[in-house]
There are 4 protein chains.
Amino acid sequence: MTNKRERILNAAEHLIAHKGFQGMSMQQVAKEAEVAAGTIYRYFKDKESLLRCVHEERLQEVSLALLEGVDTQNPCFEQFRVLWQNCLHYLLSNADCLLYRVQYEASPLFTREEEKCMDERYFKPVFEFFERGRETGLFRDLPSDLLGFLAMESLMLLTQRHTRGCIQLNDAILDELMDAAWNSILKR
Amino acid sequence: MTNKRERILNAAEHLIAHKGFQGMSMQQVAKEAEVAAGTIYRYFKDKESLLRCVHEERLQEVSLALLEGVDTQNPCFEQFRVLWQNCLHYLLSNADCLLYRVQYEASPLFTREEEKCMDERYFKPVFEFFERGRETGLFRDLPSDLLGFLAMESLMLLTQRHTRGCIQLNDAILDELMDAAWNSILKR
Amino acid sequence: MTNKRERILNAAEHLIAHKGFQGMSMQQVAKEAEVAAGTIYRYFKDKESLLRCVHEERLQEVSLALLEGVDTQNPCFEQFRVLWQNCLHYLLSNADCLLYRVQYEASPLFTREEEKCMDERYFKPVFEFFERGRETGLFRDLPSDLLGFLAMESLMLLTQRHTRGCIQLNDAILDELMDAAWNSILKR
Amino acid sequence: MTNKRERILNAAEHLIAHKGFQGMSMQQVAKEAEVAAGTIYRYFKDKESLLRCVHEERLQEVSLALLEGVDTQNPCFEQFRVLWQNCLHYLLSNADCLLYRVQYEASPLFTREEEKCMDERYFKPVFEFFERGRETGLFRDLPSDLLGFLAMESLMLLTQRHTRGCIQLNDAILDELMDAAWNSILKR
DNA sequence: TATGAATGAGAGTTCATTCAT
DNA sequence: GATGAATGAACTCTCATTCAT
C-alpha cells in the first residue's frame, strides 16, 4: 500500500522538524513510521532520495494550499489577501513543514537548478500573479520572484517563531502584517 | 591558557562555515585547532556546549557589525539605512553563517529562553531603535521585535538565495528592496 | 515445472561467474531467472543448498568436458594428451569457473565427505586412467588422486593467472608445460 | 602498541581461512582480535586495506621462510631441495595462509600490477635461482616465473587438501612429490 | 594539564528469508 | 504453486567521549 510510503514521508518530516536535520536517522524514521528499516529502501533509494521526496511532496502540497480560492477575476488586492491568508494558515497548521524546509534549503542537497525546476512546476500561477501586478504598474519594478519573496517569504520565518513561542500573534497584528506585506510590494 | 579555548572555538566556527553543521566533528575540530581530541573536553563539557558557545560568539559578532556607524542623533531613516546596509553587507560576506544558523535554530540546542536572553544581551540597541520609531508614531504599532523582523529578517533568506545563485542582485534592486523594507514598517 | 529450477540454477551460475561468489544475491538470482524471490525457496531449501547444487552441476559439466574423446584403447600418452588438452581448453574458456571454485572450497559449504562422493560420481574414469598407469609401472607409485593432482591441478592456477594477464602462454610454452606434467608423473 | 595491529591481521587471516572470504566481517575480526570495532579503523583505512595488508604481510613472511638456508654456493639440486622443503614446511605449519591466499587471489582486490610488484619485492631471489638454472641449460627453457610455478605452486593446493584431510601425506610420498617437481622442470 | 589510543553505540544500507495473498 | 512486500539481523564505517599515561 502507498500508505507506507506516506507514513515514511511524514515520519521523516516530523523528525527533521523536531530533532533537526542530523537528528533524523533512518532507524528512527522506520520506528516512527512503524515500518522495518529495510522497508524504507523499497520506496526510496537512499536517505538523500527520501529527503528530496519529502521536499517535493511538501512543495506540491503547499502550492495547492496557496492557490485555493484565488480567482484571477477578482481585484488584485483581494487575490493577494487570499494568497497571503492561505499561506499563513497553511504554515500555522503545518508547523513541521517550515522547520524542515529551512534546514533542507541550507543543506547540501539543495541545488539551484532543481529548485528553479520546482518553482516552475508548482508555483507558476503565483509568480504570474505578481508578474501581472508588475506589468499593470501596481507593484514595484522587480522580478516576480523577488516580489513574491517580499510578500510571502517572511511568513515562513514568522510562523516558525510563533510556533516556537518566540512571538505572539493575534488578529490585529496579523492584519498589520498583511498590510505591511502589501505595502512592501506596492509601487511608490 | 585561554589561548587553546580560543583556538578550539575558531576551529569549530571555521569548520561549520565550510563543511556545514554536520560536517563538524570533534576530531576535526581538534585537528584544526592543533589540540588533542581530549583537550576539547577540558574547555567544553561536550559537543553541545561547544556549539552553544560558537553560536553566542557569532551573535556577538553580528550585533557589533549591525550597529557600526549607527548614530542615534541622526534622522530615523538614516539610522535605518545604515542598519539595513550593515546587515546586508555582513550577510553577503558571511554567507555560511546563516547556513549554520537555521540548523542551529532548528536543532534541539535551541531554546526560546536562551534566545531571548541573547537578544537582550546583544541586540538591545537594535530593538530600541525600532521602539523609538514606534513611540514617535513613525512606525507601525507593532512590538519592536516584529518591526525588526519585518525590516531585517528577510535579508537572511534573501542573501542566502543570492549566494546560491537563485537570485540576482544589483544596486537598483537593492535600493528598491531597502525602500520596500522601510515602507513595510512605516505607519500608514 | 522443472523449467524454473533450471532457470534458477543457470541464473545463479551466471551471476557467480560474472560477479563473484559474494556478488550473487538471492534477489538478483530471482530477477535474472525471472522468478519471484520466494519461488527460489520452493526449489532450494536455502542459499547454501542452491550453491551446492550449482557446484554439483559444474562438476558434472567439467567431468564431461575432460573425458571427451579419451579412448582407453589408445596409447597411454595419447589418452593423457587429450585429457590434459581438454582440461586446458575447458579452463581457458570457463575462466570464471575457477574463481568461484576456490571460494566454494574454502567456504563452510565444502565438506570432505561430499567432495569424495562427488569425485567418485563424476571423476571415476579419470582416476581409473591414472590407476592403470600406476599398475602397469608407467607412472610413479602414488595414489591415483595424487597422480591426477600432479598432472592436472596446477592447470587451474595456471589458467587463472593467464586469464588475469599475469602469465603469457603460447603453443611452445603449452607443449613444454604438458611435457613437464607428463614427466612429473612418469616413474623414473 | 603494534601488538594490536598484529592481532587484527592474524584474526582477519584466521577468519578468512576458516569461514571464507565473505565470512570475515569486521565485527568478527574485532571480536577475535579482542579489540573494539572502531579500533580496526585506527590501523587500517577500511576492509579492503586490511585485506591487502594481510596479503602483503603474509607474502613477506613466506618469502623469508622460503629462502632460509638456501646457499647459492650449493649445488643446484641442493638449493632446490631446501627451497621445496621450506615451502612445504611453511605451508604445513601455516594452514590459514593458503586458505586465505587462494581466496584473496580470486577476489576483485587482486590486481596484476600489484602482484607483479610484490613478486619483485619479495621473491626476486627465488626467481633468480630458477633463472640461473635455465641459463645453465639445466632447467626447461621457460620463463623463470613459470619454472617456479611448476616447481612450487602446486604445493599450495596440495597442503591445502592435506590440511582438509582430503589427502594423506607421508615421507615416502613427499620424497616422490619432490622428485616429481624436480623432474617437471628439468630439461629433457 | 594535555594527550590520543581506544571504545562502542549508532549511522546508512543490504539481503536471506518469510508469509499473507 | 507462485508472488513480492516486508522483515530485521548483520553488514561496514564514523565519531563523541573516556581514561591511562
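Proteins get letters first, then strands, A, B, ... in listed order; numbering begins at 1 in each. Basis for what follows: all heavy atoms, side chains included, without hydrogens, waters or symmetry-related copies.
- Under the 3.5 Å distance criterion, the side-chain polar atoms of Arg161(C) are left unmatched by any main-chain donor or acceptor of Cys166(C).
- In this structure, CG of Leu50(A) is placed 15 Å from C1' of dA11(E), rounded to the nearest angstrom.
- Protein atom CZ of Arg5(B) is 14 Å distant from nucleotide atom P of dT1(E), rounded to whole Å.
- Between dT17(F), dT7(F), dC11(F), one nucleotide has an atom nearer to the side chain of Gln27(D) than all others, and that is dC11(F).
- Counting to the nearest Å, the C1' atom of dT7(F) and the CD atom of Glu34(A) are 15 Å from each other.
- Atom CD1 in Ile40(B) sits about 10 Å away from atom P in dT3(E), given to the nearest Å.
- As rounded to whole Å, 13 Å separates atom C1' of dT7(F) from atom CD1 of Ile8(A).
- Residue Tyr41(B) has no polar side-chain atom (N or O) positioned under 4.0 Å from OP1 or OP2 of dC19(F).
- Counting to the nearest Å, the P atom of dT12(F) and the CG atom of Leu15(D) are 11 Å from each other.
- In this structure, the separation between NZ on Lys47(A) and OG on Ser25(A) is 7.0 Å, given to the nearest 0.5 Å.
- Side-chain atoms of Lys4(D) lie closest to dT7(E) of the nucleotides dT7(E), dC11(F), dA2(F).
- Nucleotide dT7(F) is matched to dA16(E) when pairs are restricted to Watson-Crick or G-U wobble geometry with both distances under 3.5 angstrom.
- Across every strand in view, dT12(F) sits in a pair with dA11(E) that passes the Watson-Crick or G-U test at under 3.5 angstrom.
- Looking at which nucleotide of DNA chain E each of Met26(C) and Ser25(A) is closest to, the 5′-most match is held by Ser25(A).
- By the 6.0 Å and 45° rule, Arg164(D) stacks over the aromatic ring of Phe110(C).
- Between Val35(A) and Gln28(D), the residue anchored closer to the 5' end of DNA chain F is Val35(A), taking for each the nucleotide with the nearest heavy atom.
- Going from atom NZ of Lys31(D) over to atom P of dC11(F) covers 10 Å, rounded to whole Å.
- With a cut-off of 3.5 Å on both pairing distances, the Watson-Crick or G-U wobble partner of dT21(F) is dA2(E).
- You'll find that the side chain of Arg42(C) is closest to dA2(F), out of dT7(F), dT7(E), dA2(F).
- The phosphate of dT17(F) (OP1 or OP2) has no side-chain N or O of Lys47(B) nearer than 4.0 angstrom.
- Between Tyr43(D) and dA5(E) there is no side-chain polar atom (N or O) within less than 4.0 angstrom of OP1 or OP2.
- Each of Val54(C), Thr39(C), Leu9(C) was compared with Phe44(C) under the side-chain contact (heavy atoms from CB on, under 4.5 Å) criterion, and only Leu9(C) meets it.
- The side chain of Thr39(B) lies closest to dA2(E), out of dC11(F), dA2(E), dA6(F).
- Nearest-nucleotide mapping onto DNA chain E: of Gly38(D) and Met24(A), the residue sitting toward the 5' end is Gly38(D).
- The number of heavy atoms from other shown groups lying within 6.0 Å of NZ (Lys19(A)) does not exceed 12.
- If you measure from atom NZ of Lys19(A) to atom P of dG10(E), you get 12 Å, rounded to the nearest angstrom.
- Here dA5(E) is the nucleotide among dA2(E), dA6(F), dA5(E) with the atom lying nearest to any side-chain atom of Ala37(B).
- The CD atom of Glu61(A) lies 6.0 Å from the CG atom of Asn94(A); values are rounded to the nearest 0.5 Å.
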